[in-house]
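Below is one structure, written out as C-alpha cells; the observations come after it.
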There are 2 protein chains.
Amino acid sequence: MNIGEAAKATGVSTKMIRHYEAIGLIGRARRSGAGYRQYTEQDLHTLRFIKRARSLGFSIEEIRRLLALWTDRDRASAEVKALAQRHIDELRRKIRALQEMVDTLSHLAAHCHGDQRPDCPILDALAEGAEPEDTMPRPCCGHAGQP
Amino acid sequence: MNIGEAAKATGVSTKMIRHYEAIGLIGRARRSGAGYRQYTEQDLHTLRFIKRARSLGFSIEEIRRLLALWTDRDRASAEVKALAQRHIDELRRKIRALQEMVDTLSHLAAHCHGDQRPDCPILDALAEGAEPEDTMPRPCCGHAGQP
DNA sequence: GATCCACCTTTCCATGATGGGAAGGTCAAG
DNA sequence: CTTGACCTTCCCATCATGGAAAGGTGGATC
C-alpha cells in the first residue's frame, strides 16, 4: 500500500507520515523498486494509534513513550497511567489559564456598551492607568485585574 | 532608558521588545549615539498594554488592531468589543477541546488499575482493535470514543 | 509508443511567540 | 586599562503542520 492510501486509511497526512518516519517515531517503511514507501496493516495500526494519541493532545515525545509501552508486553500499566495523569494535569492547567482569560475578558466585555462611542472599558483595562494621549484612567466595579 | 531597564519595568523581555519593533508592532525606538535603543514612559505604557493583552491570550495581530484602536480617539467601542468577543469565543472553543481530552483520558485512567500488571485500558483505547502483536481488543463500559 | 494525470520522491521554507547563543561594540567603576 | 554588565545584530531552535518546487513512476488512454 502506498503512502497516500495509508494516509486516507488512517487520517494521518502523507506529510506527517514521512515526518514521523524522519524523526524515528515510526520505523523506516519498506520501499518498492521505484522507492515508494509500502505500508502494511500493522503500519496502519501504528499510525492510527499515533493519530488517536495526538487527538488526545499527547506530544510526539509522549507518544514515543506510549508506543514503546504499547509494544512492550511486560510494561507496568502504572507507567502508562502516570504518563496519562501527568498529561491530564497539564491539560487542566491549560484549561484553568484559558478560563481565567475568558473570565477577565467576559467581565470587561460585559461592561463595554459596544456602540459607536469611543469609551471602552476593555481598552481602559489594557491601558490601566496609561491613556494613549491625555485622558484619565477610570476604575471599574472592583476586580478583573490581578489583585 | 535602555532596553534592559524597559524590560524590567514592563515584564517584556529584551528579546521580545526588539522583536515587536522588528515586526512593526511598536515604532522604531530612538537611538543613543552608540546605537542603544532609548525608551520613554510612553513607550513603557505601550509595552505594558501589549504585555496585558498577551496575558489575555490575544495574538500579535489582534494586539496590532487593539493598539490602533487604543490610539484612535474616534474608535467605536463596538469594534473593540467585537474583537474581544471573537477572542472569547476562540478561547471557549479551545477550552471545550481540551476538556473533551480530559474527559476521555480521565475516564480511561479511572479504569486503569495502574499497578505492575501489563493490562492497560488506556493503551487498549489508543490501539482500539489493533494490538501490537496478537492479543484481542477489549470493550469497556460504553463510551470514551467517538460515537 | 507518446501523452497525460495522479501519485510518489526529496528538499527547502513558513507558521507564532519565544528563547538561546555567538561575535562584537559600549559604558562605568575599579 | 581592565573588568563586567550592558548593548547591538544575526542565526538557530522550539512544536506540529503544511505549502511549494523540481523531478521520477505507474497506469490508462489515444
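All chains are named by letter (A, B, ...) in the order of the sequence lines, taking the proteins before the strands, and each is independently numbered beginning at 1. Computed from heavy atoms alone, side chains included, the values below leave out hydrogens, waters and symmetry copies. All values reported here derive from a predicted model rather than from experimental measurement.
One finds a salt bridge joining B/R117 and B/D115 here, because a Lys/Arg side-chain nitrogen approaches an Asp/Glu carboxylate oxygen to under 4.0 Å. By the 4.0 Å N-to-carboxylate-O rule, B/E5 lies too far from B/K8 to be salt-bridged with it.
Contact annotation: A/R37 reaches the phosphate of C/dT9 (side-chain N/O to OP1 or OP2, under 4.0 Å). Remark: A/S13 is in phosphate contact with D/dG18, judged by side-chain N or O atoms under 4.0 Å from OP1 or OP2. Within the structure, every side-chain polar atom (N or O) of B/R31 is placed at least 4.0 Å from both OP1 and OP2 of C/dG25.
Regarding A/M1, its CE atom lies at a distance of 18 Å from the C1' atom of D/dG26, rounded to whole Å. Between the P atom of C/dC8 and the NZ atom of A/K15 lies a distance of 13 Å, rounded to the nearest Å. Rounded to an integer number of Å, the gap from NE2 of A/H19 to C1' of C/dT15 is 14 Å. Rounded to a whole Å, the CD atom of B/Q38 is 10 Å from the P atom of C/dC27. Taking atom CD1 of B/I3 as the reference point, atom C1' of C/dG25 lies 16 Å away to the nearest angstrom. We find that OH of A/Y39 is positioned 14 Å from C1' of C/dC7, with the value rounded to whole Å. A straight line from OH of B/Y36 to P of C/dC27 spans 6 Å, rounded to a whole angstrom. The separation between B/L47 atom CG and C/dT18 atom P is 12 Å, rounded to whole Å.
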Carefully, step by step, assess B/R37 and B/E21 under the rule salt bridge (Lys or Arg N to Asp or Glu O under 4.0 Å). CA-CA 11 Å; B/R37 289 175 179 80; B/E21 180 179 320; 2.9 Å; yes
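At the heavy-atom level, A/R18 lies under 4.0 Å from base atoms of the strands shown. Residue contacts shown for A/S32 are absent, as no nucleic acid heavy atom lies under 4.0 Å away. Within 4.0 Å of A/Y20, counting heavy atoms only, lie sugar-phosphate atoms of the nucleic acid but no base atom.
In terms of position along DNA chain C, the nucleotide closest to A/N2 lies nearer the 5' end than the nucleotide closest to the other residue of the pair B/I60 and A/N2.
Heavy atoms of other residues, nucleotides or ligands lying less than 6.0 angstrom from CZ of B/R31 number more than 12.
Under the 3.5 Å distance criterion, with hydrogens and angles disregarded, no donor-acceptor pair is assigned to the side chains of A/S106 and A/D103.
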